[in-house]
There are 2 protein chains.
Amino acid sequence: MDLNRKNHLDARAKVLKAMAHPTRLFIIEELAQEERYVCDLTDMIGADISTVSKHLSVLKQAGIVIDDKRGNQVFYRLRVPCILNFFGCVESVLESQAKAHSAILECPTR
Amino acid sequence: MDLNRKNHLDARAKVLKAMAHPTRLFIIEELAQEERYVCDLTDMIGADISTVSKHLSVLKQAGIVIDDKRGNQVFYRLRVPCILNFFGCVESVLESQAKAHSAILECPTR
DNA sequence: TCAGTGCTTGGCAATATAGCCAAATAGCCA
DNA sequence: TGGCTATTTGGCTATATTGCCAAGCACTGA
């Protein structure tokens, strides 16, 4: 396989991997509504604050969110607002699982 | 967090997780062109056939591909052809990493 | 029925991830 | 300065993932 292509696949896989966790998807959805600071998210998620902080750091590393320190709070927001457009097709996959096992599906029109 | 929402996040995370590997992204791209059988893909990827078979099984479990046995070959194809639409936004994330670190980006028009 | 091809599964070692607690850091305000 | 709040980092254990080899299974064709 072409090295250039390999690098590209690696880069895309990293972004997807960062998104591929329920807590991080939750964070992405919330940040799509409005920016939040860490304690905010921690209350909603109900995990240890250090756990939430680490999830945020994964998302930041992947370039999905950016942080903004104000006083002693750190606010996070989406760096790429379209990130949720993403899910039209994920939803199709999920619907397909609920349906007949061999069908090839139409794509959603968005 | 609402249990219903949690289940939904779990389900979406599973699909993303299945996609979040360079070899599996490669397979998805190839299958977007045309169906392939396992040896085909193995040659292109250059890993052990058992490794490729396991990647295919991950994609199948996630509902992303379906298999079709003909003779003693197994052909795979995408179950949800739109899966590649997915990447417009992933590309934005990648471009954003190449650019100024704090910018909020426009979404691609597709 | 037997050998050969194509694919999957089991088992293993190496590596990565998740989540908690405790400790460290940074900024605020008295 | 000292104490407080908000957040990150280090360290740990439990668990999951990856990729190889070897073994097994399914189909084909002589």
Side-chain angles (χ1 to χ4, degrees), chain A residues 1 6 9-28 30-31 34-77 101-102, chain B residues 1 6 9-28 30-31 34-77 101-102:
Chain A
M1 195 191 314
K6 169 138 188 39
L9 291 169
D10 285 351
R12 292 207 285 195
K14 260 179 211 155
V15 176
L16 287 172
K17 200 165 165 183
M19 300 176 71
H21 187 286
T23 298
R24 295 197 291 265
L25 285 182
F26 176 86
I27 291 170
I28 289 170
E30 290 306 314
L31 297 187
E34 53 181 324
E35 62 173 17
R36 296 283 193 182
Y37 66 103
V38 184
C39 279
D40 244 6
L41 291 167
T42 301
D43 288 346
M44 291 188 267
I45 291 165
D48 193 273
I49 189 172
S50 71
T51 300
V52 174
S53 178
K54 279 177 184 171
H55 282 306
L56 285 165
S57 140
V58 170
L59 291 171
K60 185 177 155 187
Q61 281 273 336
I64 294 170
V65 304
I66 52 182
D67 59 343
D68 180 14
K69 185 155 199 171
R70 295 183 214 145
N72 59 359
Q73 295 174 315
V74 179
F75 286 81
Y76 282 86
R77 60 185 191 282
H101 197 62
S102 64
Chain B
M1 196 193 314
K6 170 137 187 37
L9 290 169
D10 285 351
R12 293 206 286 194
K14 259 180 212 153
V15 176
L16 287 172
K17 201 165 166 184
M19 300 176 72
H21 187 286
T23 299
R24 294 195 292 265
L25 285 182
F26 176 87
I27 291 170
I28 289 171
E30 290 305 314
L31 298 186
E34 53 181 322
E35 63 172 16
R36 296 282 191 182
Y37 67 104
V38 183
C39 279
D40 243 4
L41 292 168
T42 301
D43 288 346
M44 292 188 267
I45 291 166
D48 193 275
I49 189 174
S50 70
T51 300
V52 174
S53 177
K54 278 177 184 170
H55 281 306
L56 285 165
S57 140
V58 169
L59 291 171
K60 185 176 156 188
Q61 281 274 336
I64 294 170
V65 304
I66 52 181
D67 59 341
D68 179 15
K69 185 156 200 170
R70 295 183 213 144
N72 60 358
Q73 295 174 314
V74 179
F75 286 82
Y76 281 86
R77 60 186 191 282
H101 197 62
S102 64

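For the numbers below, each heavy atom of this structure counts, side chains included, while hydrogens, waters and symmetry mates do not.
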Check the distance between D:dA6's P and A:R70's CZ and give it to me in whole angstrom. 16 Å
Considering only heavy side-chain atoms of B:S53, the closest of C:dG19, C:dC20, C:dC7 is C:dC7
C:dT17 phosphate, OP1 or OP2: any side-chain N/O from B:K17 under 4.0 angstrom? no
Length of the CD1-C1' vector between B:I27 and D:dG19, whole Å: 13 Å
Closest of C:dG19, D:dT7, C:dC7 to the A:T51 side chain is C:dG19
Between B:V15 and B:I64 the two heavy atoms that sit nearest each other are O-CD1, 3.9 Å
Report yes if at least one side-chain N or O of A:R24 is closer than 4.0 Å to OP1 or OP2 of C:dA18; otherwise report no. yes
Give A:F75 one of three labels, base, sugar-phosphate or nothing, depending on what nucleic acid heavy atoms sit under 4.0 Å from its own. nothing
On DNA chain D, more 5' by nearest nucleotide between B:T23 and B:G71 is B:T23
Measuring from the side chain of A:S50 (C-beta onward, heavy atoms only), which nucleotide among D:dT9, D:dA6, D:dG19 has the closest atom? D:dT9
In the structure shown, which nucleotide is the Watson-Crick or G-U wobble counterpart of C:dA30, with both distances under 3.5 Å? D:dT1
With respect to the side chain of B:V74, which nucleotide from C:dC7, C:dC20, D:dT7 is positioned closest? C:dC7
A:L59 CG to D:dT7 C1', straight-line distance once rounded to whole Å: 16 Å
Using whole Å, what does the distance between atom C1' of nucleotide C:dG6 and atom OH of B:Y76 come to? 11 Å
Which of the following nucleotides, D:dC27, D:dG19, D:dT7, is nearest to the side chain of B:H55? D:dG19
Consider the side chain of B:K54, meaning its heavy atoms from C-beta on, and name the nucleotide among C:dA18, D:dT7, D:dG19 that approaches it most closely. D:dG19
Polar pair under 3.5 Å, donor/acceptor by atom type, side chain A:N72, base D:dT7: no
